[in-house]
Amino acid sequence: MRNPQLNANGELTHLLTLEGLPAEVIRHILDTAVPFTSIAERDVKKVPLLRGRSVFNLFFENSTRTRTTFEIAAKRLSADVINLNIGASSTTKGETLLDTVDNLVAMNADMFVVRHSQSGAPHLIAAHLDRTGRGHVHVVNAGDGRHAHPTQGLLDLFTIRHYKHDVRELTVAIVGDILHSRVARSLIHGLTTLGTPEVRAIGPQTLLPTAMSSLGVRVFHDLRAGLAGCDVVVMLRLQNERMKGALLPSAGEYFKHYGLTPEKLACAKPDAIVMHPGPMNRGVEIDSAVADGAHSVILPQVTFGIAVRMAVMSIVAGN
Amino acid sequence: MNLEIRNGRVVDPAHGVDAPLSLYIAQGRVAAVGDAPAGFVAERVIDAAGCVVCPGLIDVATRLREPGFEYKATLASELRAAVAGGVTGVACLPDTDPPLDEPGLVEMLRHRARLLDRAHVYPIGALTVGLAGAEITEMGELAEAGCVAFSQAEAPIGDTQVLLRAMQYAATFGHRVWLRPQDPHLGRAGVAHDGEVATRLGLPGIPASAEAIALATIFALMRETGATVHLCRLSSAQGVAMVRAARKDGLAVTCDVAVHHLHLCDVDIGWFDTQCHLVPPLRGTRDRAALRAGVADGTIDLVCSDHTPVDDDGKQLPFAESEPGATGLELLLPLTLKWAREDGVSLLRALERITSAAAAVLGCPGGSFSPGAPADVCVFDPEAHWTVGAATLSSQGRNTPFLGLEVSGQVRQTLVGGTVVFER
């Protein structure tokens with residue numbers, strides 16, 4: 001089975017997931033992003049790589065942060081950006097996902113940045129475009145269901161590389177609601193592909209997928225034990241609707257077991273960094289003392305996110 | 001018309017016959033196998049050299065999509081597909097719109113099927129009104145209208161009190177109850193086997209324990225009520241083991257498996273291939289191996305097509321939103337033959353699973369070449385290769401995970417009641 005995001009020459013034409021991407025492709029994206037970080041510091045924050053191209057931000061699910069960073073990234077590449085917040089209304093209007101896509105292709109879209117609540121929606125769009133001879137229109141996954149959020153995974157990798165240099169010597173812990181997390185899945189695939197020797201998943205059984213260890217991670221249910229010796233701690237957001245019910249008894253009990261406090265963080269290495277994909281729930285998964293503390297690299301993650309998204313868009317558009 | 005099918009290899013599982021013989025048909029019924037009856041003069045002779053001559057296939061799980069879903073398939077299109085696949089009898093499921101919960105609907109369906117004069121249609125009535133799992137249907141009236149069994153299709157009854165009552169009532173009048181074992185709560189919102197693939201793709205899972213829990217419930221209620229139950233579409237190794245143990249315990253339960261479950265597993269979903277969105281979900285390789293072994297050793301009585309025509313619009317959606325199901329009537333024979341070849345099962349035993357065993361569970365005539373039986377016959381070339389594709393399928397539903405696969409076993413003639421209804 002051919003990887004649906006690579007063309008016949010093995011070049012990246014869509015970015016759908018980090019799973020199955022060759023390590024050199026991932027490294028190429030990360031290397032490309034490095035010079036883009038300095039563009040933001042210039043007076044003219046633009047390069048002409050995507051001049052004349054139309055990037056459609058196709059958001060079937062609400063998002064502020066991801067959509068904004070994609071928009072900034074595209075604009076810094078000099079692309080024309082069209083934002084479409086379709087939300088849940090498209091299906092109620094009766095138009096199918098692929099009809100929506102076909103209509104936008106007819107408006108000469110060059111790239112779709114897609115967020116959708118269903119796992120696999122960007123794959124469906126990419127396969128549809130390739131099958132109908134419109135493979136020159138690129139698809140970048142901005143988060144699909146529980147499946148993947150590859151640009152978030154890449155910016156996490158970029159951040160880890162920035163602070164820790166060689167990912168092949170690290171122990172990385174991902175803490176929280178991994179069951180529903182596309183961020184966790186993408187980061188796990190990225191880390192295991194780049195050769196990180198130990199990736200840990202920490203959470204209660206109710207928030208871990210059944211076959212967690214098949215992704216190549218070590219599973220911990222105890223936060224302190226899981227953090228011991230870690231170089232990187234990635235905290236995941238706990239969605240409000242999951243704080244009470246059959247998955248968890250309460251936000252308070254969750255914080256007691258899995259909330260990251262300075263005292264628990266002390267189990268990790270002294271120079272450990274703390275990451276979070278945002279938006280944070282202070283006092284639920286992370287204590288403010290940690291979020292704002294010396295170990296936190298949460299705001300640099302956001303900054304790096306723009307550079308990484310510029311790299312992704314310029315690379316797929318060039319192939 | 002008197003008909004002779006000669007030079008073929010007659011395989012009649014009900015009588016353990018597998019030999020080069022002639023089949024003689026008179027007045028729509030089997031007259032003799034082997035030697036011609038005295039004074040028999042054939043008006044037509046079919047030369048079946050190189051072919052297998054077996055009783056017409058009987059499929060216990062077909063969705064004809066009428067009434068209600070005519071845009072997906074019609075009685076005419078699907079009964080044409082049936083005979084093109086050598087299938088001469090189909091049990092159709094009650095999950096139509098409206099569901100088959102009223103005698104008038106069943107009578108109309110049978111009447112329309114009779115006019116088409118192709119495969120026999122055996123309706124399975126709804127066990128509860130509207131398949132809602134609350135009130136039981138008029139099973140007596142429905143049986144008089146032609147229902148051969150009662151089922152919930154894919155809508156399991158959550159309330160065990162209702163299930164108990166439905167089974168008690170059915171047992172009182174000797175009606176068969178067909179149930180697909182899946183716990184409604186554990187199965188809720190799931191679209192794939194809860195294993196490595198669902199974990200990787202971030203798809204909501206259905207654990208194998210959903211099947212095990214439902215089986216345990218059904219077995220307990222069978223012992224309580226004495227109802228005759230047929231289990232539809234086993235999917236897991238644990239399920240096969242439980243059925244095997246229950247039968248060993250003397251429980252008179254029968255069960256089937258969909259033919260695609262003998263060949264595919266969850267890994268085949270690949271990158272969200274909606275063709276592999278099936279109900280029950282494709283499970284792991286261990287489960288597939290157990291299902292194959294279960295059919296071979298007779299724990300699983302029969303193999304069915306689980307024929308579900310789905311249009312392209314239903315498949316071109318994100319995986320979880322796509323419509324589950326695959327077309328199967330024309331693949332039942334080649335895919336059963338493929339399983340038998342791969343696992344070293346004799347043709348006789350393999351065909352038993354899709355002919356006589358199915359007739360026994362349905363309680364319908366056919367499925368054998370007993371003298372006097374309706375002359376429902378399938379003549380197929382076991383060595384003829386063909387590629388599954390939109391152009392080679394007659395069903396209105398062209399969606400199946402096997403598109404592009406080369407299979408062997410092609411139907412040459414199908415006879416229903418002694419009339420050639422399909423010829424290639």
Side-chain angles (χ1 to χ4, degrees), chain A residues 1-5 14 16-20 60 91 94-99 101-102 114 116-128 130-132 141 143-149 178-186 188-189 201 208-217 219 246, chain B residues 71 185-210 236 238 264-277 281 283-287 310-324 390 399 401 403-405:
Chain A
M1 196 182 339
R2 192 170 68 81
N3 191 313
Q5 41 195 349
H14 307 293
L16 307 175
T17 169
L18 297 188
E19 186 193 356
F60 294 90
T91 42
E95 186 170 65
T96 69
L97 174 58
L98 295 183
D99 280 339
V101 166
D102 286 342
V114 181
H116 200 285
S117 61
Q118 289 291 341
S119 301
H123 276 79
L124 177 79
I125 295 171
H128 173 70
D130 290 340
R131 192 177 51 237
T132 51
N141 183 0
D144 62 326
R146 307 175 182 181
H147 171 237
H149 194 350
I178 297 172
L179 176 65
H180 300 96
S181 176
R182 50 197 176 208
V183 174
R185 283 178 178 77
S186 282
I188 289 168
H189 289 307
L208 298 177
T210 315
M212 190 70 243
S213 56
S214 71
L215 297 184
V217 301
V219 175
Chain B
Y71 59 98
H185 308 293
L186 283 180
R188 189 171 53 214
V191 293
H193 170 57
D194 193 18
E196 287 181 24
V197 173
T199 294
R200 213 165 48 75
L201 296 180
L203 293 172
I206 302 173
S209 54
S236 69
Q238 199 182 350
L264 303 173
C265 60
D266 59 353
V267 173
D268 293 298
I269 292 172
W271 300 107
F272 303 98
D273 183 358
T274 54
Q275 299 287 8
C276 290
H277 185 189
R283 297 197 183 275
T285 47
R286 262 187 65 247
D287 298 295
V310 176
D311 56 6
D312 290 348
D313 290 346
K315 286 294 184 188
Q316 286 173 6
L317 289 169
F319 192 91
E321 289 178 351
S322 68
E323 196 180 333
N399 284 303
L403 285 178
L405 182 78

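Treat the numbers as computed from the prediction; the structure is a model and nothing was measured. Only this structure's heavy atoms are used, side chains among them; waters, hydrogens and symmetry mates stay out.
Chain B forms the most heavy-atom pairs under 4.5 Å with one residue out of A/Ile178, A/Ile188, A/Leu124, and that residue is A/Leu124. With respect to chain A, the highest number of heavy-atom pairs below 4.5 Å among B/Asp194, B/Asp313, B/Thr274, B/Val191 belongs to B/Asp194. Ranked by heavy-atom pairs shorter than 4.5 Å toward chain B, the options A/Ala121, A/Pro4, A/Pro209 are led by A/Pro4.
With sequence neighbours excluded, the residues that form a side chain to side chain donor-acceptor pair (under 3.5 Å) with B/Gln275 are B/Asn399. Scanning for side-chain contact (heavy atoms from CB on, under 4.5 Å) contacts around B/Leu201 gives A/His147, B/Val197, B/Leu203, B/Ile269, B/Phe272, with sequence neighbours left out.
For a residue to count as touching a neighbouring chain, one of its non-hydrogen atoms must lie under 4.5 Å from one of that chain's; by this rule A/Ser213 does not touch chain B. Residue contact with chain B, scored on non-hydrogen atoms closer than 4.5 Å, involves the side chain of A/His189 exclusively. Proximity to chain B (any heavy atom under 4.5 Å) is restricted, for A/His116, to the side chain, taken from C-beta onward.
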Could you walk me through whether A/Leu215 and B/Thr199 satisfy the side chain to side chain contact (heavy atoms under 4.5 Å, CB included) test, starting with their C-alpha distance in whole Å, then the side-chain angles of each, then the deciding distance to 0.1 Å, before giving a yes or no?
CA-CA 8 Å; A/Leu215 297 184; B/Thr199 294; 4.0 Å; yes

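Under 3.5 Å, the side chains of A/His14 and A/Asn141 contain no donor-acceptor pair of N or O atoms.
Using a 4.0 Å cut-off between a side-chain N of Lys or Arg and a carboxylate O of Asp or Glu, B/Glu323 and B/Lys315 do not qualify as a salt bridge.
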